[in-house]
Number of protein chains: 4
Amino acid sequence: MPNMPSRRQRRFAKRQGEILDVAARIFAEKGYGDTKVTEIAAALDIADGTLYNYFDSKRDILLAIMDKTRSDIEPMLQEIGELETRDDLVAVLARTYDVFMAQLPFTRTMLMEAWADDTILQAYAVVCLEHIRQRMHEFIVSRVDTGDFRPIDPSPTTQMVLGMFFAPVVPILRGITPPLSPEQCRALAEAAVDLLLDGIRVRPERGAE
Amino acid sequence: MPNMPSRRQRRFAKRQGEILDVAARIFAEKGYGDTKVTEIAAALDIADGTLYNYFDSKRDILLAIMDKTRSDIEPMLQEIGELETRDDLVAVLARTYDVFMAQLPFTRTMLMEAWADDTILQAYAVVCLEHIRQRMHEFIVSRVDTGDFRPIDPSPTTQMVLGMFFAPVVPILRGITPPLSPEQCRALAEAAVDLLLDGIRVRPERGAE
Amino acid sequence: MPNMPSRRQRRFAKRQGEILDVAARIFAEKGYGDTKVTEIAAALDIADGTLYNYFDSKRDILLAIMDKTRSDIEPMLQEIGELETRDDLVAVLARTYDVFMAQLPFTRTMLMEAWADDTILQAYAVVCLEHIRQRMHEFIVSRVDTGDFRPIDPSPTTQMVLGMFFAPVVPILRGITPPLSPEQCRALAEAAVDLLLDGIRVRPERGAE
Amino acid sequence: MPNMPSRRQRRFAKRQGEILDVAARIFAEKGYGDTKVTEIAAALDIADGTLYNYFDSKRDILLAIMDKTRSDIEPMLQEIGELETRDDLVAVLARTYDVFMAQLPFTRTMLMEAWADDTILQAYAVVCLEHIRQRMHEFIVSRVDTGDFRPIDPSPTTQMVLGMFFAPVVPILRGITPPLSPEQCRALAEAAVDLLLDGIRVRPERGAE
DNA sequence: TATGAATGAGAGTTCATTCAT
DNA sequence: AATGAATGAACTCTCATTCAT
């Protein structure tokens, strides 16, 4: 019976996924430290001990959530092509917002723990963010070289740009404001990119200040 | 003996301050939840019980740290005058960075807990951030009205501006990059304000700055 | 499997009962305050934490003991019928002594804590004692009205009668003298009722009894 | 200076007495276990450590209260002369009530702890009560011998008589009813003695029941 | 003698984890 | 595979007692 183990494995993986979904939701609501294993089991309507057939420890569940988030997000990041025009930037950013909206519980959990735990920060948050950071950094450096961008210092600017891009989703992560629809994601991306490119100030005909 | 009680009070307040400094540092390093009362006491080289002569509970220490941060920061916020010119913005932002640098352990602890604990978020973080947010929002709205700023949507823009301004200090809060000197604070403030006002793009028509 | 939950519930209730029995015995021996949770657990040969699967707190165990005592005693109190003749009084009092003998550890614990804790006093001791008090009070008042009893002041007399009835069990509660057999209960009840009705003095005029 | 030590001793004894008065009052209000040393010191307006110049431990204070109660009560007990007539009994009982009223905090503390602590019970409560018990027992035995009292069993009867006599002061000890005036003490003593001697029942002309 | 800050053993309680069923 | 009662180390907090001033 060559597919018996396979079926078992599929069942096993499916159960693991269910546990991660529920755990991520509860972690996101109450925080990792304030979530009891019993609560996760109760939400899944299984016994406490059963969880330990699927994960070695509570922390293991957290790390699996991180892994899942990362592997869901990474492919998307790989797809980022050349950033040439304003519309390239808008498209990538809108897409990133979409992914965030789809991954809210995972993301929130990741950020909450990453803030306090360097292991997680390094292993997961950095992986995602660093990739974005580097692409943005390269992009800025190259445009400064071509003269399209002003000769700013690329490193702090990159950091500021990331802050600018992600600040609007912070209240959503915190549950203060509702998630964004795809249309809202696109509009927000446009506003952010325009702010980045042209600033907030109306250009005088001649740049005297 | 008119100053006997006063001396006692001073000793008491001094001790409280020492405890807060040490506790804030450890909280900032390990997080509130992962810090044991015994560790704080050991770092101070006092008995566990001695802590309870100065604070009612571990949580009380955290709240006292919040209070201290808030009362250190609030007067500075009150001093923010009219934001009229680019230099006003730069001055205020540079000043804010200075305060952050002086309050690193306190601030880091506050943010870490605020992320997970709405009580603290509302009572402390919001107090500080909301004030800044409102000033920035008013400023943007008025400049849009006068036609100095483009007719952007003020609310998400405010959020993005705050993200842009605070993103550079995040790695410092996390202890990843070293604190900034006052000169660096000023330089960073200038870069941030210029990015906000004019964006990153060289002006196509007559790009001389 | 319709009785699976039932079996579990029975096990749970049985365990709770075992814990209450042991705890009541130790409380009765050493007092509530001087009994450590660890001691109760050790006497039951279980871990400290296991106790908390059955009761929320040490105090909860105490209150459960009170509840059990009360619900064991109350039905008996409800059965008290009309008190008409000497034999009615004797029967009720003998019955009451029997119940006390059966509930020694519970009763001793209840009295010990009730003396120091008004909450327990009101919620448990008063419930039992007050019922008896009122029946006795009514009985005395009605007999005074009919002229069967001398025109004494019913309230302090009721108090004295209760003292008279319960004083003999105090040394037993304290563990100084051994519990009474049912026969001894009856004999004591007769002696007490006769003392109440006729006093200790031989009748001067025509002393035949 | 031969009387310097004496003056010091007097001061010392006076201080001790003040401490005992205050401690007894607080013990009576809250119970020994629930009273903190700090509370006693605060009520006396002295430092915690100062208490330890006068007593070796908190428990020592309790024992000293017991001692004081006993030595205040014992002389009174020694004075009890022959119990011959009804009026002898009334006088002694009224006197005993008076002493109880004067010693309320001490007495309440003693009883509260004696109930839970055999050391105290044996050393103090028994000393007082046992003396009364023996006098009462002798009295009853002798009167039974002379034929003045019915041929009852003296031991349980003594116990019941003591219960009858002391039951009225229990609510006062508990603070439920206010202390008695000397007149009330006398009236209660008369009622108690009459109940003891003649019972509650009206004597029929001829003792048929 | 008086002080009161410092002490630290020990209390009740929690909860991630185990394992016999 | 599933169960959930049992576990016990580890936590925060209390307070009688001490001792340098």
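Because the structure is a prediction, the values reported are computed rather than measured. Note that these values count all heavy atoms, side chains included, but never hydrogens, waters or copies made by symmetry. Just so we're on the same page: letters track the sequence lines, and every chain starts at 1.
In this structure, E18(C) atom CD and dA5(F) atom P are separated by 15 Å, rounded to whole Å. Atom CG in D60(B) sits roughly 14 Å away from atom P in dT12(F) (whole-Å rounding). Atom CZ of R8(C) is separated from atom P of dT3(F) by 9 Å (rounded to the nearest Å). R10(C) has its CZ atom 15 Å from the P atom of dA5(F), to the nearest Å. Whole-Å rounding puts the Y54(C) OH to dT13(E) P distance at 18 Å. For R7(C) and dT3(F), the CZ to P distance is 17 Å, given to the nearest whole Å. Atoms CG (L51(C)) and C1' (dA5(F)) sit 13 Å apart, rounded to a whole Å. Regarding K14(B), its NZ atom lies at a distance of 15 Å from the P atom of dA5(E), rounded to whole Å.
Residue contacts for R11(B): at a heavy-atom cut-off of 4.0 Å it reaches no nucleic acid atom on any strand shown. Using a 4.0 Å heavy-atom distance criterion, F55(C) is classed as making no nucleic acid contact. Counting any heavy atom pair closer than 4.0 Å across all strands shown, I46(D) reaches sugar-phosphate atoms only and no base atom.
L104(D) is not listed as a side-chain neighbour of R108(D), based on a closest heavy-atom distance of 4.5 Å or more. When side chains are defined from C-beta on, R59(D) counts as touching L62(D), because their heavy atoms get closer than 4.5 Å. At least one side-chain heavy atom of F106(C) sits less than 4.5 Å from a side-chain heavy atom of D21(C). Between V37(C) and Y52(C) there is a side-chain heavy-atom pair separated by less than 4.5 Å. At least one side-chain heavy atom of R10(B) sits less than 4.5 Å from a side-chain heavy atom of R7(B).
For residues 8-49 of chain B, the ring-ring contact (aromatic ring centres under 6.0 Å, His included) pairs, not counting sequence neighbours, are F12(B)-Y54(B), F27(B)-Y32(B).
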The contact string for nucleotides 14-21 of chain E, one letter per nucleotide 5' to 3', using protein heavy atoms under 4.0 Å with B, S and - for base, sugar-phosphate only and none, comes out as BSSBB---

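Between R15(C) and I46(C), the shortest heavy-atom distance links the atoms NH1-CG2, 4.1 Å. When all heavy atoms of I19(B) and L44(B) are compared, the closest pair comes out as CG1-CD1, 3.7 Å. For the pair K58(B) and G33(B), the tightest heavy-atom approach, listed with the atom from each and the gap, is NZ-O, 4.1 Å.
A stem is defined here as three or more consecutive Watson-Crick or G-U pairs, each with both distances under 3.5 Å; for DNA chain F these stems are E:2-21 with F:2-21.
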